[in-house]
Amino acid sequence: QLQASGGGLVQPGGSLRLSCAASGLTLDEHTIGWYRQAPGKEREGVSCISNSGSSPYYLDSVKGRFTISKDSAKNMLYLQIENLKPEDTAVYYCAAGVVRTPIYGSRWCDYDMDYWGKGTLVTVSS
């Protein structure tokens, strides 16, 4: 129901745009976002937004470089990545979760996600 794409091999300082196509669910009805898992590390929330799209959350290490957005008409989620660093190398996943009681405030990536797409690999290397 979620399919991420757009990963690849990029040199440090380069850019990528990840896309996530949703089917069978409406992104506007879910908390949605991007997660990543680097080799040997735990999965971490990179950027997530509420169902309304307000108050996007960003991991501190990506603030100012990553931008999350969605196209409601196309039911698509995007992650624009600028100034890539080797430490951004990871498999990136898009995810969606039903709207829950906001116990974490706007830390949208901390909420349970119910739907996960297959990841797309981003490799940053010279």
Side-chain angles (χ1 to χ4, degrees):
Q1 292 181 320
L2 296 173
Q3 180 63 56
S5 61
L9 174 62
V10 184
Q11 291 187 342
S15 301
L16 276 177
R17 188 194 196 201
L18 305 184
S19 300
C20 177
S23 60
L25 62 90
T26 302
L27 294 182
D28 283 351
E29 297 175 356
H30 294 78
T31 301
I32 53 179
W34 293 93
Y35 295 74
R36 69 184 181 187
Q37 187 165 20
K41 295 187 177 181
E42 293 188 354
R43 186 175 62 200
E44 60 182 357
V46 175
S47 182
C48 300
I49 52 176
S50 67
N51 58 311
S52 68
S54 63
S55 303
Y57 164 83
Y58 292 98
L59 186 67
D60 283 347
S61 61
V62 309
K63 285 180 180 177
R65 300 189 297 119
F66 289 23
T67 304
I68 190 171
S69 63
K70 68 175 177 178
D71 185 326
S72 298
K74 295 181 179 180
N75 212 26
M76 294 283 294
L77 178 68
Y78 303 100
L79 186 68
Q80 181 67 40
I81 308 174
E82 306 288 344
N83 189 22
L84 277 157
K85 302 177 180 181
E87 52 264 40
D88 294 322
T89 295
V91 178
Y92 284 72
Y93 301 89
C94 57
V98 299
V99 177
R100 290 176 165 83
T101 301
I103 59 174
Y104 302 117
S106 60
R107 293 182 59 88
W108 306 115
C109 286
D110 287 351
Y111 293 89
D112 289 339
M113 294 293 178
D114 303 289
Y115 308 99
W116 292 86
K118 291 183 179 180
T120 185
L121 176 62
V122 173
T123 303
V124 185
S125 175
S126 55

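Heavy-atom basis, side chains included; hydrogens, waters and symmetry copies ignored.
- Remark: D110 does not engage R100 in a salt bridge, criterion side-chain N to carboxylate O under 4.0 Å.
- When hydrophobic clusters are built by joining Ile, Leu, Val, Met, Phe, Trp and Tyr residues whose side-chain heavy atoms come closer than 4.5 Å, directly or via intermediates, V98 is not grouped with Y104.
- Taking each heavy atom of L25 and A96 in turn, the nearest pair found is CD1-CB, 4.3 Å.
- A distance of 10.5 Å separates OG of S47 from NZ of K63, quoted to the nearest 0.5 Å.
- Taken from OH in Y111 to OG1 in T101, the straight-line distance is 8.5 Å, to the nearest 0.5 Å.
- By the 4.5 Å heavy-atom criterion applied to side chains, Y35 and V46 are not counted as neighbours.
- The two atoms that bring L2 and A22 nearest to each other are CD2-CB, 3.6 Å, heavy atoms only.
- The shortest side-chain heavy-atom distance between Y78 and I68 does not fall under the 4.5 Å cut-off.
- By the 4.5 Å heavy-atom criterion applied to side chains, W108 and S55 are counted as neighbours.
- Linking Ile, Leu, Val, Met, Phe, Trp and Tyr whenever their side-chain heavy atoms come within less than 4.5 Å puts L121 and Y93 in one cluster.
- Using a 4.5 Å heavy-atom cutoff, the side chains of T120 and V91 are not in contact.
- No side-chain donor-acceptor contact under 3.5 Å links S125 and T123.
- Note: the hydrophobic cluster containing M76 does not contain Y115 (ILVMFWY, side chain heavy atoms under 4.5 Å, direct or indirect links).
- How far CG of N75 is from OG of S23: 8.5 Å, rounded to the nearest 0.5 Å.
- For the atom pair CG (L16) and CD1 (I81), the distance works out to 5.5 Å, reported to the nearest 0.5 Å.
- Listed here is the closest heavy atom pair of S69 and L77: O-CD1, 3.3 Å.
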Stepwise side chain to side chain contact (heavy atoms under 4.5 Å, CB included) test for C48 and M113:
CA-CA 11 Å; C48 300; M113 294 293 178; 4.3 Å; yes
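- Side-chain polar atoms of T31 and N51 form no donor-acceptor pair below 3.5 angstrom.
- Looking only at atom types and distance, the side chain of Y92 has a donor-acceptor partner in the side chain of R36 under 3.5 Å away.
- Between the CD atom in Q1 and the SG atom in C94 there is a gap of 11.0 Å [rounded to 0.5 Å].
- K70 has its side chain within reach of D28: a pair of non-hydrogen atoms, C-beta onward, lies under 4.5 Å apart.
- Between the side chain of R65 and the main chain of S61, a donor-acceptor pair closer than 3.5 Å is present.
- Between Y57 and I49, the closest side-chain pair of non-hydrogen atoms is not below 4.5 Å.
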Check against side chain to side chain contact (heavy atoms under 4.5 Å, CB included), V99 and E29
CA-CA 7 Å; V99 177; E29 297 175 356; over 6 Å; no
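- Hydrophobic clustering of Ile, Leu, Val, Met, Phe, Trp and Tyr side chains at less than 4.5 Å, counting indirect connections, unites L59 with V122.
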| task | Test salt bridge (charged side-chain N to carboxylate O under 4.0 Å, His left out) on K85 and D88 and set out the steps. | result | CA-CA 5 Å; K85 302 177 180 181; D88 294 322; over 6 Å; no
For side chain to side chain contact (heavy atoms under 4.5 Å, CB included), just list the numbers for Y58 and T67, CA-CA rounded to whole Å, side-chain angles, deciding distance to a tenth of an Å, and then say yes or no. CA-CA 8 Å; Y58 292 98; T67 304; 3.9 Å; yes
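- Here the closest heavy-atom approach between residue S15 and residue Q80 is recorded as CB-NE2, 4.3 Å.
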Check against side chain to side chain contact (heavy atoms under 4.5 Å, CB included), F66 and E82: CA-CA 6 Å; F66 289 23; E82 306 288 344; over 6 Å; no
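- Neither side chain, S126 nor Q11, offers a donor N or O lying under 3.5 Å from an acceptor on the other.
- At least one side-chain heavy atom of C20 sits under 4.5 Å from a side-chain heavy atom of W34.
- Proximity of L79 to R17: side-chain heavy atoms (C-beta onward) are nowhere separated by under 4.5 Å.
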